[in-house]
Q: 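Can you read through this structure? Questions will come right after.
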Amino acid sequence: MDLTELTKPTSTSIPQTIGRVALGLALAGAGITHLTVAREEFRAQVPSWFPIDEDVTVLASGVVEIVIGGSLVALSRWKVAVGLIAAAFFVVIFPGNVAQWLEHQDGFGLDTDAKRLARLPFQAVLVALALWSTGAWSATRRALDKD
C-alpha cells in the first residue's frame with residue numbers, strides 16, 4: 001500500500017465538497033451539544049460495560065466530534081486523512097448505538113427497540129459519506145492498486 005496517496009492533495013467534486021462541509025458542520029454541532037444541551041441524551045449511548053464514566057465519555061467524544069468536524073471543514077488539504085479518521089470514528093462509536101438498542105436505552109426520540117434498531121444501518125451511511133465526500137474512498141483504492 002502506498003500511503004503517500006492518503007496524504008496527497010485530492011480533487012473532489014462540488015457535491016463531495018458540499019457533503020464534506022455539511023458532515024463537518026453536523027459533527028461539530030453534535031459535538032457542541034455533547035458538551036451542552038444534550039449531555040444526558042448522549043449518555044444513553046454509552047454502553048453499560050464501557051469502563052469509563054458516562055459523562056467523561058460523552059464530554060470526550062464531544063470534543064473529538066468538534067475536532068473532526070472542524071477538520072473536515074477547515075483542513076481541505078488533509079481531507080483524505082481526515083475522512084479516514086472520521087470514518088474510523090463512526091465505526092468506533094457504533095457499539096454505543098448497538099448498546100442503546102440492546103440495553104433498551106431511550107435517547108433522541110429513540111424510545112422503542114424498533115426505532116433503535118432502524119437507526120443502526122445509518123452508521124454505515126455516515127462511514128460511506130466520510131469516505132466519499134473527502135475522496136478517501138478513491139485515494140485508498142489508488143493506494144491499494146500501487147501494490
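Numbering starts at 1 and runs along the sequence shown.
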Q: For Val56, give me all partners under side-chain contact (heavy atoms from CB on, under 4.5 Å), at least two apart in sequence or on another chain.
A: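 Val56 satisfies side-chain contact (heavy atoms from CB on, under 4.5 Å) with Ile52, Asp53 only.
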
Q: Ignoring hydrogens and geometry, is there a side-chain-to-backbone donor-acceptor pair from Gln105 to Gln45 under 3.5 Å?
A: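 Side chain of Gln105 to backbone of Gln45, a donor-acceptor pair under 3.5 Å: no, none is there.
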
Q: By salt bridge (charged side-chain N to carboxylate O under 4.0 Å, His left out), which residues pair with Glu41, not counting sequence neighbours?
A: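 With sequence neighbours excluded, Glu41 shows a salt bridge (charged side-chain N to carboxylate O under 4.0 Å, His left out) to no residue whatsoever.
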
Q: For the CG atom of Leu126 and the CD1 atom of Ile93, what is their distance to the nearest 0.5 Å?
A: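 Leu126 atom CG to Ile93 atom CD1 measures 7.5 Å (nearest 0.5 Å).
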
Q: Going by the rule side-chain hydrogen bond (donor to acceptor under 3.5 Å, both in side chains), which residues pair with Gln16 if we only count those two or more places apart in sequence or in a different chain?
A: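 For Gln16 the side-chain hydrogen bond (donor to acceptor under 3.5 Å, both in side chains) partners, ignoring immediate neighbours, are Ser13.
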
Q: If you look only at pairs with a residue in residues 80-97, which of them pass as a salt bridge (Lys or Arg N to Asp or Glu O under 4.0 Å), with sequence neighbours excluded?
A: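 Matches after skipping sequence neighbours: none remain.
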
Q: As a quick check of understanding, evaluate side-chain contact (heavy atoms from CB on, under 4.5 Å) for Arg142 and Thr10, giving each step before the final call.
A: CA-CA 12 Å; Arg142 285 192 308 274; Thr10 303; 3.9 Å; yes

Q: Can you list everything that forms a side-chain hydrogen bond (donor to acceptor under 3.5 Å, both in side chains) with Glu40? Sequence neighbours excluded, please.
A: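 Result, side-chain hydrogen bond (donor to acceptor under 3.5 Å, both in side chains) vs Glu40: none returned.
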
Q: Specify the closest pair of heavy atoms between Gly31 and Glu65, including all atoms of both residues, with the distance to one decimal.
A: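 Nearest pair, atom of Gly31 first, then Glu65: N-OE1, 3.2 Å.
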
Q: If a pair satisfies ring pair (Phe, Tyr, Trp, His ring centres under 6.0 Å) and one of its residues is in residues 36-58, list it, with sequence neighbours excluded.
A: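 Every ring pair (Phe, Tyr, Trp, His ring centres under 6.0 Å) pair that includes a residue of residues 36-58, provided the two are not neighbours, is His34-Phe42, Phe42-Phe108.
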
Q: Please tell me whether Leu27 and Phe122 are part of a single hydrophobic cluster in this structure, the criterion being side-chain heavy atoms less than 4.5 Å apart.
A: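 No: no chain of side-chain contacts under 4.5 Å links Leu27 to Phe122.
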
Q: Apply side-chain contact (heavy atoms from CB on, under 4.5 Å) to Ala87 and list each qualifying residue two or more places apart in sequence or on a separate chain.
A: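 Ala87: side-chain contact (heavy atoms from CB on, under 4.5 Å) contacts with Val127, Ala130, Leu131.
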
Q: Could you tell me the separation between the CG atom of Leu117 and the CG atom of Asn97, rounded to the nearest 0.5 Å?
A: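 That separation rounds to 11.5 Å.
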
Q: Would you say Val67 and Val82 are hydrophobically clustered, going by side-chain heavy atoms of ILVMFWY under 4.5 Å?
A: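 Different clusters: Val67 never reaches Val82 through Ile, Leu, Val, Met, Phe, Trp or Tyr contacts under 4.5 Å.
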
Q: Can you tell me which residue pairs pass the salt bridge (Lys or Arg N to Asp or Glu O under 4.0 Å) test with a partner in residues 71-91, sequence neighbours excluded?
A: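 Pairs touching residues 71-91 that pass the test: none.
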
Q: If the condition is side-chain contact (heavy atoms from CB on, under 4.5 Å), which residues does Leu129 pass it with, not counting sequence neighbours?
A: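 Testing Leu129 for side-chain contact (heavy atoms from CB on, under 4.5 Å), a comparison that skips the adjacent residues, returns Leu23, Trp132, Ser133.
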
Q: To check you understand the geometry: which heavy-atom pair defines the closest contact between Val80 and Ala139, and what is its length?
A: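 The pair with the smallest heavy-atom distance is CG1-CB, 3.7 Å.
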
Q: With sequence neighbours excluded, what pairs up with Val98 under the side-chain contact (heavy atoms from CB on, under 4.5 Å) test?
A: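 Per chain and number, Val98 pairs via side-chain contact (heavy atoms from CB on, under 4.5 Å) with Phe94, Trp101, Leu102, Leu120.
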
Q: Given the rule that I, L, V, M, F, W and Y join up when any side-chain heavy atoms are under 4.5 Å apart, are Ile32 and Val21 in one cluster?
A: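 Result: no, two separate clusters.
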
Q: Identify, with sequence neighbours excluded, every residue that meets side-chain hydrogen bond (donor to acceptor under 3.5 Å, both in side chains) alongside Thr17.
A: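 Partners of Thr17 under the side-chain hydrogen bond (donor to acceptor under 3.5 Å, both in side chains) test: Thr12.
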
Q: Hey, any chance Leu59 and Val46 share a hydrophobic cluster, counting ILVMFWY side chains that come within less than 4.5 Å of each other, even indirectly?
A: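 No.
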
Q: Working to the nearest 0.5 Å, report the span between OG of Ser71 and CD1 of Ile66.
A: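 The CD1 atom of Ile66 is 11.5 Å from OG of Ser71, to the nearest 0.5 Å.
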
Q: Tell me the salt bridge (Lys or Arg N to Asp or Glu O under 4.0 Å) pairs involving residues 115-136, sequence neighbours left out?
A: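 Sorted pair list: Asp106-Arg116, Asp111-Lys115, Asp113-Arg116.
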
Q: Would a distance-only check, ignoring hydrogens and angles, find a side-chain to backbone donor-acceptor pair under 3.5 Å from Arg20 to Leu72?
A: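 Pair found, side chain donor or acceptor close to backbone of Leu72.
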
Q: Are Leu35 and Ile68 connected, step by step, through hydrophobic side chains (Ile, Leu, Val, Met, Phe, Trp, Tyr) whose heavy atoms are closer than 4.5 Å?
A: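 The answer is no; the residues belong to distinct hydrophobic clusters.
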
